[in-house]
Amino acid sequence: MALDFGLNFMDEKYFAKKIEDKWQTRWRETGAFEVERDDAKPKFYQLEMLPYPSGNLHMGHVRNYSVGDALAWYKRLKGFNVLHPIGWDSFGQPAEDAAIKRGVNPRDWTEQNINHMRKQLQNLGLSYDWRREMAAHRPDYYKFDQWFFLKMYEMGLAYKKKTQVNWCDNDKAVLSNEQASGGLCWRCGHPVTKKDLEQWFLKTTAYADQLLDDMAEIEAGWAEKVLKRQRDWIGRSEGAFVEFGIRNSDLGLKDKTNPQSQIANPKSVRVFTTRIDTIYGANAIVVAAEHPIVEANFAHFSDETRIVIEKIKADKLKVTDHEAEVEKEGVDTGLKAINPFSGEELPVWVGNYVMIEYGTGAVMSVPAHDERDFEFAKKYGLPIRQVISEPHLVHEHSTMQALALEQAFSDYGVLVHSDYWNGKTSENAKKEMTEYAVKHGFGEAATTYRLRDWGISRQRFWGAPIPIVYCEKCGVVPEKFENLPIELPAQMVLNDEIEGTSPLAKDEDFVNTVCPDCGEPATRETDTMDTFVDSCWYYFRYTDPKNPEMPFSPEIAAYWTPVDQYIGGDDHAVMHLIYTRFWTKVMRDIGLVKFDEPVKRLLTQGMVVGETFFDEIPNPDEPEGKGKRIYFPPSSVTVERDAKGKIIAAKSADGKMLKSAIERMSKSKGNGVDPDEMVEIYGADAARIFVLFAAPVENELVWNEAGIEGATRFLQRVWRFVYKWQSAVSRQPSPISNEEFSADARKLRQKTHQTIKRIGENFESLQFNTPVAALMELSNAIYDFKVEPESASDADIFAIREAAEALILMLAPFAPHTAEELYAQIAGNDRGILANGARFPEYREELA
RNA sequence: GCCUGGGUGGCGAAAUUGGUAUACGCACUAGACUCAAAAUCUAGCGGGCUUAACGCCCAUGUCGGUUCGACUCCGACCCUAGGCACCA
């Protein structure tokens, strides 16, 4: 049903505020962007990463959402049923910090921020279906975080295990790696120890292969750099386990439940290697200080050996700068291992460069063909024996005994000094030697991953409670589905008295409960879930936001999902985007969805950055590290620049020389730009055009407001010519044969159709700066068409109308308010593009 | 150290994928309108020669190669931004 609002007279001047208010109100009143499932129409799911409700929108948001909105509009004009929702990632640290610092309720703080930011989004005129808004901190949402947790518990994908955390015994606090820097507590200076804490994990490793292999399904739509980072993060490597017998160890493993229990034979050490072909070059076995073989034999080691091992363990607790290279350190334990291929006896060393968390916590050291082993062997004078040769040097290398290698040769080659295997290529030797090891029972092919299971326990208040109950009688008991949600207490006094234990532990009403199984008194788990859980599935909730029984209806979600286009910052390339892919595979296995991958196309936008000015106060504890920075807002700084605009000198108001840098915009650095202010001065449409036009989306955008006037000028130019031609053009022109057009009119029509083609292609390839340029060109072409309304022929008017209509329709994704208003004017009724059901202009090749 | 992007005017950037390099915008210069200013409009705007006019030469980080033709493809190097970092 079409709504008719009657025709307004057009202002001669472009008043952004007036138009924006008018259309925002109308969109709201008519539910212009509200959509329902419609099997007769093709769907398009346009999604942008949901914001954390910090209190204010920043320019990064404006950029992200302007891009998403442009695409949503484009797809609407192309006839798609477009789902374009937004919500809030509203659990997390800042709300809790605010609560501690200012004594506010985190819920109130969060809701207030959401209300303010929602208004800011609406002022930008973003085309969301607001009925579908979700917020992670509301019980009707996190109920299903808990639901999923219980499902995963049932499936064996959620489990609890002891893990080491940094612990300050003086403060009784868990410390993050950053807070345990230097091995000392950041607050009291007490030495940091490791403490075993029970934490909940989700078994992401169970999906490691799928996470890697299913990348083939999304390769076309995801940036290669994102996929690569995920590949690195998962870090699959193919190789082999090999058992080295231990000659003088008569002690077995004491702890069979230890995760390293794969080292089943107490008389051997199992190593992981990707280069079994180099095994004849092994000069030692090097194990991590925490390795069971070390613990089992510790009492038998010499004092010096034990001191070194203790030191290595202690050093690992220190959090070192990633830039600083750690010197290799180790000690010979006196244990002897037997190389199962050669029968050679090798010393067993403890080395600080071997990680207990990866592989088996033990490696065979082959210095000739591994850089790290080379460095280690050099330092301790261990023999270095070359067993892989470059093909053209084989003869030379096989006749010589030892070679003075300058550095490790880690490429593939041909085997030498390897008995039976001499002359084989690395590739063949790897395969055959693994088979040989399997046949003789001392090895097997193996695949290892860097990916760890996802620890989701947080000793925090502001998150979804983990729905687990501890009962004296029944042990660990999952909550019943019908008891969900397990709600956070409405009132909670938060302070930082005992940081490191969950604040919920202090609330007896929360903690004390009854066992879901036996009904006896029991206690609740007081840890909450990592906030990354919330963002794993929020965009499925949008499809069915009010469902009280299920996270979403599989049937409704089957229409809308997977997401056709996702847009966000590439800082989430690994964490969020791996977790949500994992979650989707779990949902598939539960039967909620029927696909492997949730996002078909991913666009990662560049950051919005700005100049910052600061005074750096050196930190005496870390002479080489970065000092503390005190930021000065740019408006308070006097800046001297060279001809190219580079900063020569910057001075604060009181004359202090300041350093400067280009950094991510933020309030604390004083270089943020308030979107409200921009909208107030220039209007939402101009702000949106500018932010898209300023640079390609994937580039970093160095904020500089100088160009925004250009966006305003462009909109004004468009406005002025529509005003001039409005009455001439608003009567529907009749079709005209091609010969009646003047040469200039034909030129204009050509430009119009070339532009239609170009902009369509730009949208399909996710370019947003070039279509704005194309619109400007078309607008310039209309100005170059020197005809006045009074003297224009029908053909001229037809050409003008065609160009104007195309321009206005293609402007809508960038400047929707202005486009709606201008379309209403030329359509001759006061309905805009949407209400008139207008479509993206049709490209006619014969005219272009 | 390894991996991945990127180097084009004063600035942000284009270039139909090997075919007129610098579109579009910002900044700047001159002119028109104005008592004046703003706004708007017109013209100019990579560098160097040159003409009355036409024009010519050099320029896409550097050096080389392929091609009738290279910002685009190939090789080496330089610079820069980001990611990873003892993963055996």
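As the structure is a prediction and not an experimental result, all values here were calculated from the model.
- The CD-C1' distance, from A:Glu327 to B:G1, rounds to 17 Å in whole Å.
- One interatomic measurement links the two molecules: NZ of A:Lys225 to C1' of B:G6, which rounds to 11 Å at whole-angstrom precision.
- The pairing partner recorded for B:A36 is none, the criterion being a Watson-Crick or G-U wobble arrangement whose two distances lie under 3.5 angstrom.
- At whole-Å resolution of the value, CD1 in A:Ile759 and P in B:A14 are 15 Å apart.
- Nearest to the side chain of A:Arg713, among B:A27, B:A88, B:G83, sits B:A27.
- Comment: A:Lys757 engages A:Glu761 in a salt bridge, judged by a side-chain N to carboxylate O separation of less than 4.0 angstrom.
- Between B:A88, B:C24, B:A85, one nucleotide has an atom nearer to the side chain of A:Ser237 than all others, and that is B:A88.
- Nearest to the side chain of A:Arg717, among B:C41, B:A13, B:A14, sits B:C41.
- When each of B:A23, B:A88, B:U40 is scored by its nearest atom to the side-chain atoms of A:Gln716, the top-ranked nucleotide is B:U40.
- Residue A:Asn769 has its side chain nearest to B:A14 when only B:U42, B:A88, B:A14 are considered.
- A:Arg720 has a side-chain polar atom (N or O) that falls below the 4.0 Å cut-off from OP1 or OP2 of B:C41.
- You'll find that the side chain of A:Lys786 is closest to B:U42, out of B:U40, B:A13, B:U42.
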